[in-house]
Novice: 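Before I ask anything, let me first share the structure, which is written out below as structure tokens.
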Amino acid sequence: MTQTINTTCPYCGVGCGVNATVSASNRHIQIKGDQSHPANFGRLCSKGSALGETVGLAERLLEPRINGQTASWEAALDLVADTLLKTIAAHGKDSVAIYGSGQLLTEDYYVANKLMKGFIGNANIDTNSRLCMSSSVAGHKRAFGSDTVPGCYADFEHADLIVLIGSNTAWCHPVSFQRIRAAKEANPRLKIVVIDPRRTATCDIADLHLPLAAGSDTTLFNGLLKHLSASALADGYIRHHTQGFAEALTAASSADMAQVAADCLLNPADVALFFAWFTATEKVMSLYSQGVNQSTSGTDKVNAIINCHLATGRIGKPGMGPFSLTGQPNAMGGREVGGLSHQLAAHMDFATPGDINRVARFWQTDNIPAQGGLPAVALFDAIYEGKVKAVWIMGTNPVVSLPNADKVKQALQRCDFVVVSDCIADTDTTALAHVLLPAQGWSEKNGTVTNSERRISRQRSLFNGAGNAKPDWWIICQVAQRMGFGEAFAFQHPVEIFREHAALSGFENHGSRDFDISAFADISLTDYDDLQPVQWPVNAANPHGTARLFADGRFFTPSGKAQFIAITPRPPANLPDTDYPLILNTGRLRDQWHTMTRTALASQLNQHKPEPFVEVHPTDAERFGLLHNSLATLESRWGNMTARVHITDGQKPGNLFVPMHWTAHYASHGRMGALVNPAVDPVSKQPECKHTPARIRTYPAAWYGFILARQPLTLSGTAYWVKVKGEQFYRYELAGEHLPTTWQAWAQNQLGEDGTGQWQEYQDASNGNYRAARLVGQQLDCVVFIATHPNLPERNWLTSLFVKAALSDAERRALLTGKPPLGVADVGTIVCACFNVGEKTIRTAIQEQGLKTPQEVGRCLKAGTNCGSCVPEVKALLG
Ligand SMILES: Nc1nc2c(c(=O)[nH]1)N[C@H]1C(S)=C(S)[C@@H](COP(=O)(O)OP(=O)(O)OC[C@H]3O[C@@H](n4cnc5c(=O)[nH]c(N)nc54)[C@H](O)[C@@H]3O)O[C@H]1N2
Ligand SMILES: Nc1nc2c(c(=O)[nH]1)N[C@H]1C(S)=C(S)[C@@H](COP(=O)(O)OP(=O)(O)OC[C@H]3O[C@@H](n4cnc5c(=O)[nH]c(N)nc54)[C@H](O)[C@@H]3O)O[C@H]1N2
Ligand code: SF4
Ligand SMILES: [Mo]
């Protein structure tokens, strides 16, 4: 029996609708894009398409655990509530904290925030959104008086210029990227400018790429403001709808174009072209993400961009406006409920007079503190210092994702009481918990999320909870009840929480707050279950939602006018010096989600970039003696990591890039958060994850190798390892600083030898090569390849053998060469994750069939025809 249910993808802030055909008996799902969902109209990216592979039970946390032992819910909830109460009694309210996540549903988030700020009575609840969206939130508040994203995705089809600032849209918001690409194909006037120190896959559709110096965005946009002031000002708009223009222009006035180009390390002609396009184009959108937010000038960067839109009056109308791309599926919902420590709920905050009193009356509590609480980095410092003695972490993996992550780890090791709610059993953070609470994950949980364009969508349960896992809202309410706050947390179903959240948004609002979904204050369960995606505000005046705000030029500031902010550019907090001469930048890959707890479960998502790597410019590689594909150790003042060297001129000289994804669970030395400096933006308190002074040196490997094995292994004596799940195999990339006595004994030790298999072996002591393979019956069981250099055979042909029921004679004979027998094609590194098409297959088809365009490659091999995220790479192969 199957059933088709519409739900929402749990990954990025695009917020795609998913059509899930479910057979509940075996937890099997078939995933399709929801044609009717306005965020994606049926499209999904590689991650969304692979959701079906992530719902297995193997890695799940299925029961509560206390100090590593399985426990009942009663015992675990009692312990959490009692310990919080005792800690508060002994050390005061401020000694407890919650650290939440933009991956919680709105309903979960609402009750977590209500518990901490409303009833426990301190504001020490912050979230990973501090690392993600807080500079955008702060910039919006300064300019608009409210945290409002004015536009919507449909604007892509109206725009004539789209500027992508600090956003690798192609990989991080792939479905929006495809939509922009399609808009460009349909509208030849539409120009795309990418502003990013790196040349990313997003540059594939760029008419102009500005590889600016890291951290120099405020200089560039100040320069643009000054340039606009010469010929493109919307004088009437500035006069009637804004304040502070003169001061902003004065602050920008030293920024003449040549100086801007020099300060940003850009080609002056490119800067001139960008300024000319922006000046001449009415319908311009500025889309920005972490290259803007994750900076000690993050809030200023946001306002420098918004200033240019206000100066030209280009906001609130079709095809124009600043547009902050949200990261997590519910980054926006978290802001609605007030998940950040300085916010209250429903877009109210501690700083706005009357808000505390209003929320207190609505919640019927007199416990709300007078001030906001600690933001994420300071919160973990307080844990480290022993000021916060009990912390409850929900839906986030801070031991990986916070800056200065080794200190975060130590903070949790020192902390008296660490509770972690997660759906996955073994993460770098769950490893440090005293109490583990199994949360229902995507496919089980039920509630709402809000995407980048303010669109609320339903995530619906497809299955019953795994094992004894419970929804986050239920867990929080149970603890609240045990702490004596029963009446305020008597919710029986997420719809009841949603109604309260909606009612609060309308409470004494009268148009004074942008966030208003009061139309749902009395929503029935049936209507909630059927809720169609809708953009807030949704109220009596806008019962069907609102695509754009600010068309009338009225804002939520006391004067009703938008505010220009005078920006004085500042360099990043920590600059390179002789000890740490390089700039370490960090970010995302196409097929992984953050700390990989879920995406790494899907074999097909692990093939594109299987191993932690560091991108280095050729001149830096030469300077530091690094070879392509060798290993290098990176160090900063805060920590170190080891990664594979990728030499590419897509980097700017002096800059390094590492992906943020690897954890101690998947790699011995890949946890990049250890290096990242903890400097924060003075306004938003968002950390500067994109800019850490670092150095790099060759890792002194005596040997390199890999093992492919049908079963997971317990490795011993390998200094460097990375674990990669594949289709019926596990891949281990390995290296060590010392040679073992014999490779044979070493291999048997790693693989376990019970005498059942047939071994093949090859050794060449002269060049340090050792190769072995074991077959069990007709099937390949494992292979080992070792050398004293990193240039081992490619893994793809070998990995493709694991799905075969029986190896042919030719395949057996070829095994230890690592290359397919004559006449059998090696697919090469997987480029298209959706259809598993490799680089070599694409190259061969291009050559043999004379393919000229990505469309022709798509017709021939299907590569790039589902999510389209690999089209930039297909194009590169065509080139
Ligand atoms: N595949 C995938 N998609 C994701 C996620 C994921 O984990 N995987 N996570 C989601 C989340 S939570 C988020 S927040 C978004 C993030 O989405 P993005 O912000 O697009 O992703 P990042 O790779 O973190 O950073 C974007 C770019 O900022 C650039 N940058 C660095 N410094 C500067 C600078 O000083 N100025 C400018 N202009 N650019 C700079 C980097 O080189 C990088 O290419 O992605 C979401 N989507
Ligand atoms: N250096 C550097 N650091 C960064 C960034 C960067 O670009 N560079 N980006 C920052 C940004 S923008 C972000 S958003 C963060 C992301 O960083 P994290 O939030 O730490 O990363 P995730 O892997 O998404 O962690 C989510 C956790 O919640 C669990 N989970 C999933 N669903 C549920 C659920 O329904 N309930 C519960 N209770 N748990 C669940 C997952 O298994 C996982 O352990 O990283 C930040 N850190
Ligand atoms: S773009 Fe991909 S990851 Fe983002 S919501 Fe859509 S399917 Fe999910
Ligand atoms: Mo994020």
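Note that ligands are numbered from 1 as they come in the structure, with each ligand's atoms numbered from 1 the same way. Small disclaimer: the values here were computed from a predicted structure and weren't measured. Heads up: numbering here begins at 1 and tracks the sequence.
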Novice: Counting both backbone and side chain atoms, is some N or O of Gln592 under 3.5 Å from an N or O of ligand 1?
Specialist: yes
Novice: Which atoms of ligand 2 are found less than 4.0 Å from any heavy atom of Arg598?
Specialist: 31 (C)
Novice: Would you check whether Val400 reaches within less than 4.0 Å of ligand 2, judged by its heavy atoms?
Specialist: no
Novice: Please report whether ligand 1 has a polar contact with Ser289, defined as an N or O pair separated by less than 3.5 Å (distance criterion only).
Specialist: yes
Novice: Would you check if the side chain of Asn128 reaches a backbone N or O of Gly102 as a donor-acceptor pair within less than 3.5 Å?
Specialist: yes
Novice: Is there a nitrogen or oxygen of Arg198 sitting under 3.5 Å from a nitrogen or oxygen of ligand 1?
Specialist: yes
Novice: For Asn585, is at least one N or O under 3.5 Å away from an N or O on ligand 1?
Specialist: yes
Novice: Is His661 near ligand 1, meaning one of its heavy atoms is under 4.0 Å from it?
Specialist: yes
Novice: Where's the contact between Lys301 and ligand 1, heavy-atom distance under 4.0 Å: side chain, backbone, both or neither?
Specialist: side chain
Novice: For ligand 2, is any non-hydrogen atom under 4.0 Å from Asp472's backbone (N, CA, C, O), its side chain (CB onward), both, or neither?
Specialist: side chain
Novice: Heavy-atom distances under 4.0 Å decide this one: backbone, side chain, both or neither, for Gln440 against ligand 2?
Specialist: backbone
Novice: Any Lys/Arg nitrogen of Arg590 or Glu873 sitting under 4.0 Å from an Asp/Glu carboxylate oxygen of the other?
Specialist: yes
Novice: Return a yes/no value for Gln328: is any of its N or O atoms, backbone included, closer than 3.5 angstrom to an N or O of ligand 1?
Specialist: no
Novice: Please check whether Gly215 reaches ligand 1 - meaning an N/O of the residue sits under 3.5 Å from an N/O of the ligand, judged on distance alone.
Specialist: yes
Novice: Kindly identify the option in Asp217, Leu131, Asn168 whose heavy atom sits closest to atom 38 (N) of ligand 1.
Specialist: Asp217
Novice: Could you say whether the N/O atoms of Gln290 and ligand 2 ever approach to under 3.5 Å?
Specialist: no
Novice: Is Arg590 touching ligand 1 with its side chain, its backbone, both, or neither, if touching means heavy atoms under 4.0 Å apart?
Specialist: backbone
Novice: Please check whether Thr200 reaches ligand 1 - meaning an N/O of the residue sits under 3.5 Å from an N/O of the ligand, judged on distance alone.
Specialist: no
Novice: Take every heavy atom of Trp442, measure it against each atom of ligand 2, and state whether any distance is under 4.0 Å.
Specialist: no
Novice: Given Val676, Val399, Thr586, which has its nearest heavy atom closest to atom 8 (N) of ligand 2?
Specialist: Thr586
Novice: Against ligand 1, does His691 come closer than 4.0 Å with any heavy atom?
Specialist: no
Novice: For ligand 1, does Cys132 get within less than 4.0 Å through its side chain, its backbone, both, or neither, judged by non-hydrogen atoms?
Specialist: side chain
Novice: What I want to know is whether Asp591 and ligand 1 share at least one N or O pair that is separated by under 3.5 angstrom.
Specialist: no
Novice: Does some non-hydrogen atom of Cys423 fall short of 4.0 Å from ligand 2?
Specialist: yes
Novice: Check Leu589 against ligand 1 and report side chain, backbone, both or neither, counting heavy atoms closer than 4.0 Å.
Specialist: backbone
Novice: Just jot down the ligand 2 atoms closer than 4.0 angstrom to any heavy atom of Ala439, in number order.
Specialist: 36 (N), 37 (C), 38 (N)
Novice: Using a 4.0 Å heavy-atom cut-off, which part of Tyr11 comes near ligand 1: side chain, backbone, both, or neither?
Specialist: neither
Novice: Just to be sure I'm reading this right: ignoring hydrogens, which of Gly587, Ser101, Gly166 gets closest to atom 26 (C) of ligand 1? Compare them by their nearest heavy atoms.
Specialist: Gly166
Novice: Step through the shown structure and confirm whether more than 12 heavy atoms of other residues, nucleotides or ligands are within 6.0 Å of NZ on Lys690.
Specialist: yes
Novice: Can you check whether Ala213 has an N/O within less than 3.5 Å of an N/O in ligand 1?
Specialist: no
Novice: Closest by any non-hydrogen atom to atom 3 (N) of ligand 2: pick that one out of Ser401, Ala405, Gly395, Pro10.
Specialist: Ser401
Novice: Tell me whether Arg588 has any N or O atom under 3.5 angstrom from an N or O of ligand 1.
Specialist: yes
Novice: With atom 42 (O) of ligand 2 as the reference point, say which of Thr595, Asp422, Asn677 has the nearest heavy atom.
Specialist: Asp422
